[in-house]
There are 2 protein chains.
Amino acid sequence: MSSRGFHVAVVGATGAVGQQMVQTLEKRDFPIQKLTLLSSARSAGTTVKYKGQDIIVQEAKPESFEGVDIALFSAGGSVSKEFAPEAVKRGAIVVDNTSAFRMDPEVPLVVPEVNEQDLHLQKGIIANPNCSTIQMVAALEPIRQNCGLSKVVVSTYQAVSGAGAAAIDELRTQSQELLDGKEANPTILPVKSDEKHYQIAFNAIPQIDKFEENGYTYEEMKMINETKKIMHMPDLKVAATCVRLPVETGHSESVYIEVEKEGVSAADIKDLMAQAPGVVLQDSPEEQVYPMPAYAVGKNEVFVGRIRKDLDEEKGFHMWIVSDNLLKGAAWNSVQIAESLVKLEIVK
Amino acid sequence: MSSRGFHVAVVGATGAVGQQMVQTLEKRDFPIQKLTLLSSARSAGTTVKYKGQDIIVQEAKPESFEGVDIALFSAGGSVSKEFAPEAVKRGAIVVDNTSAFRMDPEVPLVVPEVNEQDLHLQKGIIANPNCSTIQMVAALEPIRQNCGLSKVVVSTYQAVSGAGAAAIDELRTQSQELLDGKEANPTILPVKSDEKHYQIAFNAIPQIDKFEENGYTYEEMKMINETKKIMHMPDLKVAATCVRLPVETGHSESVYIEVEKEGVSAADIKDLMAQAPGVVLQDSPEEQVYPMPAYAVGKNEVFVGRIRKDLDEEKGFHMWIVSDNLLKGAAWNSVQIAESLVKLEIVK
């Protein structure tokens, strides 16, 4: 670190997550000496505001990473695969928000509230988990620590912004068309490169990302595999069903868990959530207080409510977990990893 | 039955479900000799079309049920409690779509594909289950019969039409306001008579019906208790989390089950669904075929897809169940019960 701070690069600076990364760096007053904004050739030349300045976005090239201390990537897996090694070669530490390196055994997959110490194992690249995984493990880790955890069954309610800025536009345009009594003409969701596209406005699509051969989607397999890796629980039973909703931003999750300890009450789980770092307990049914995506937008925290003991299963509990998928699910978790790298003196 | 058919009454004929009841009676060409449409004093005097005729809706009074053979009720629990006994006293059989009598041990709670024979136990009133329960048990019953069933964990994705016509209006108006950059002014959802109201457009609300003291909503407890009663499985482990979505019509459910039999495969479950009465299998991930609410509207069937074996739990399976909540979830199931009453010669 120079006395004035770090040279930080954001790759994919014009995307939905990239823009949030720049704003989050600004809000957190991250110690930046120089900020380099990079993108594909197509978006290069546009400007992004940072602390009142217009910064011109440049086309990412291997040489772009000369002198960079920390590079935050969020421009798709293929861009990360091409340029992350180039950045590392030039001495940068990469925090990658794509799925390119997440399951690489050499790459730590980090949610700072859960496994910050894994950062010490880094060899240049650190992976930021999938948005829907991050908010879930942030809530589950204190339960694992205090009560043990044997089983997780999650059903997600995911916002379109997870599929990028074009998906937000599609939801808005399509909602207006349907309100006007016109036909919807879907071209983006559920997966732009897939053959079929379905109406998202006033609908629910049980497909996020492509299907694997086992009948699960990649999104579901990400939640399953990443949860086990982040929590260091290869034998944890995890199952996921991922569903896209007509919500702009904010992922919600209905989560069923089984703990190992006997005699745990819903009040115990609520106490754990009230004390958990990065988690806000919103759970007063008698006052209709529970988390909702529309009210979580723009906030860094993970909101947890609807905590109930299962009525038939002694060690079973239900909860409802909501967070801004562009912030804790992406930009904020990436910047938070960067802050941890500084705090742990892994970058200096 | 007179040679020309039955005298049928629909109570609540001007509501979202009542209108669907009249249309379903017409579509099914139910043997009707006389159709009496009833409502509260407020809606009396309006007309509803049946086979090209305008039928004037009359205020429901005890005498309205003189000569009625079958009365379909869908005007709220208090109306059913007041008038269903009056209808029975006058010789009618009541099919009640409210929650007023569902858990009464004297009242059969019927989904014809599951427990049609329970109709023989009727003493004048038959209850139509909650919308979200009906579509789930229709899919689960063939699994119970062939594989046994020990556990059900469901997370719902429910449409606003379950909360009535005013909730549909609220979703439309609010969606337009938010698209226009205005503030939302919620007054109906999640529960009109509750203190707080929340934005439903572009949001997800984890509250349907009021809260019980145990932290579950009435909707969740309905799913739990009604499933056990309909399937005659008082010891079945059932858990539910019920969530309202910005979808006009069509409930979806992410359902995790555990079966009793060993060695069951996802293909076995798919075969059962393909043969199940009233169920349509829509499950070809390789062709992006799965059920969605926007595409189930106006159809009587229950659509099932995304059937997968749990990756960690040998007897665990996941599935996605979608149906039109106003039809199989309400009007069609009620008319179907009426058809069964005729077929079984309980009314003649």
Side-chain angles (χ1 to χ4, degrees), chain A residues 151 153 155 157 171-172 175-176 179 184 190-191 194-196 198-199 201-207 211 214-217 224 235-239 241 243 245-248 250 252 254 256 266 283 285-288 290-295 305-313 316 318 320 322, chain B residues 151 153 155 157 171-172 175-176 179 184 190-191 194-196 198-199 201-207 211 214-217 224 235-239 241 243 245-248 250 252 254 256 266 283 285-288 290-295 305-313 316 318 320 322:
Chain A
K151 183 173 182 137
V153 179
S155 297
Y157 301 66
L171 171 60
R172 288 185 191 164
S175 299
Q176 190 61 64
L179 287 169
V191 178
D194 257 6
E195 199 184 328
K196 294 180 186 167
Y198 299 117
Q199 172 188 329
F202 309 109
N203 195 20
I205 305 180
Q207 181 190 355
F211 282 100
N214 65 3
Y216 287 78
T217 59
I224 292 168
D235 297 326
L236 178 65
K237 293 178 179 177
V238 187
T241 299
V243 181
L245 296 195
V247 168
E248 225 172 272
S252 308
S254 171
Y256 169 71
D283 197 343
E286 64 287 359
E287 294 171 306
Q288 293 178 265
Y290 37 70
M292 286 177 279
Y295 301 90
R306 297 298 328 273
I307 295 167
R308 292 152 288 154
K309 192 172 179 119
D310 192 277
L311 298 174
D312 298 307
E313 196 76 67
H318 303 271
W320 175 251
V322 177
Chain B
K151 183 171 183 143
V153 179
S155 297
Y157 301 67
L171 171 60
R172 288 185 193 165
S175 299
Q176 189 61 62
L179 286 169
V191 178
D194 257 5
E195 199 183 329
K196 293 180 187 167
Y198 298 118
Q199 173 188 328
F202 309 109
N203 194 22
I205 306 179
Q207 182 191 355
F211 281 100
N214 66 1
Y216 287 77
T217 60
I224 292 168
D235 297 327
L236 178 66
K237 293 178 177 177
V238 187
T241 299
V243 181
L245 295 195
V247 169
E248 228 174 89
S252 308
S254 170
Y256 168 70
D283 196 342
E286 65 287 0
E287 295 172 303
Q288 292 179 268
Y290 36 69
M292 286 176 280
Y295 301 89
R306 299 292 334 269
I307 295 167
R308 291 152 289 154
K309 192 170 179 120
D310 193 277
L311 298 174
D312 298 307
E313 195 76 67
H318 304 271
W320 174 252
V322 177

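Just so we're clear, the structure is a prediction, and the values are computed from it rather than from any experiment. The chains referred to below are lettered A, B, ... by the order of the sequence lines, with proteins before strands, and numbering in each begins at 1.
The candidate with the highest count of non-hydrogen atom pairs below 4.5 Å against chain B, out of A/R172, A/E248, A/Q176, A/E286, is A/Q176. The most heavy-atom pairs under 4.5 Å with chain A, out of B/G316, B/S155, B/G305, come from B/S155. Heavy-atom pairs under 4.5 Å with chain B were tallied for A/P246, A/S175, A/P190; the largest tally goes to A/P246. Comparing B/D194, B/V153, B/I307, B/V238 by heavy-atom pairs within less than 4.5 Å of chain A, the highest count is held by B/D194. Interface summary for chain B: among A/P293, A/S254, A/A201, the most heavy-atom pairs under 4.5 angstrom belong to A/P293. Between chain B and the options A/P285, A/G215, A/S252, A/P206, the largest number of non-hydrogen pairs under 4.5 Å is found for A/P206.
Proximity to chain A is limited to the side chain of B/I224, based on heavy atoms less than 4.5 angstrom apart. B/E287 touches chain A through backbone and side chain together, each having a heavy atom under 4.5 Å away. Of the atoms belonging to B/I205, heavy atoms from both backbone and side chain fall under 4.5 Å from chain A. Both the backbone and the side chain of B/L311 have a heavy atom closer than 4.5 Å to some heavy atom of chain A. For B/F202, the parts lying near chain A are the backbone and the side chain together; criterion is any non-hydrogen pair under 4.5 Å. Heavy atoms of A/V322 lying under 4.5 Å from chain B are absent altogether. In this structure, chain A has a heavy atom under 4.5 Å from the side chain of B/R306, while its backbone stays farther away. Of the atoms belonging to B/P291, it is backbone heavy atoms, and not side-chain ones, that fall under 4.5 Å from chain A. Proximity to chain A (any heavy atom under 4.5 Å) is shown, for B/V191, by neither the backbone nor the side chain. When heavy atoms are compared at a cutoff of 4.5 Å, B/K309 approaches chain A solely by way of its backbone atoms N, CA, C and O.
The side-chain hydrogen bond (donor to acceptor under 3.5 Å, both in side chains) with A/Q288 is formed by just one residue from the set B/E195, B/K196, B/Q207; it is B/Q207.
The distance from the CG atom of A/D312 to the CG atom of B/D235 is 8.5 Å, given to the nearest 0.5 Å. Interatomic distance, OH of B/Y198 versus OH of A/Y290, reported as 5.0 Å (0.5 Å rounding). How far CG of B/D310 is from OH of A/Y216: 5.0 Å, rounded to the nearest 0.5 Å. Here the OG1-CZ distance, from B/T241 to A/R308, works out to 3.5 Å after rounding to the nearest 0.5 Å.
A distance-only check finds a donor-acceptor pair linking the side chain of A/Y295 to the backbone of B/Q199 [under 3.5 Å].
Nearest heavy-atom pair across A/M292 and B/A204 is CG-O, 3.4 Å.
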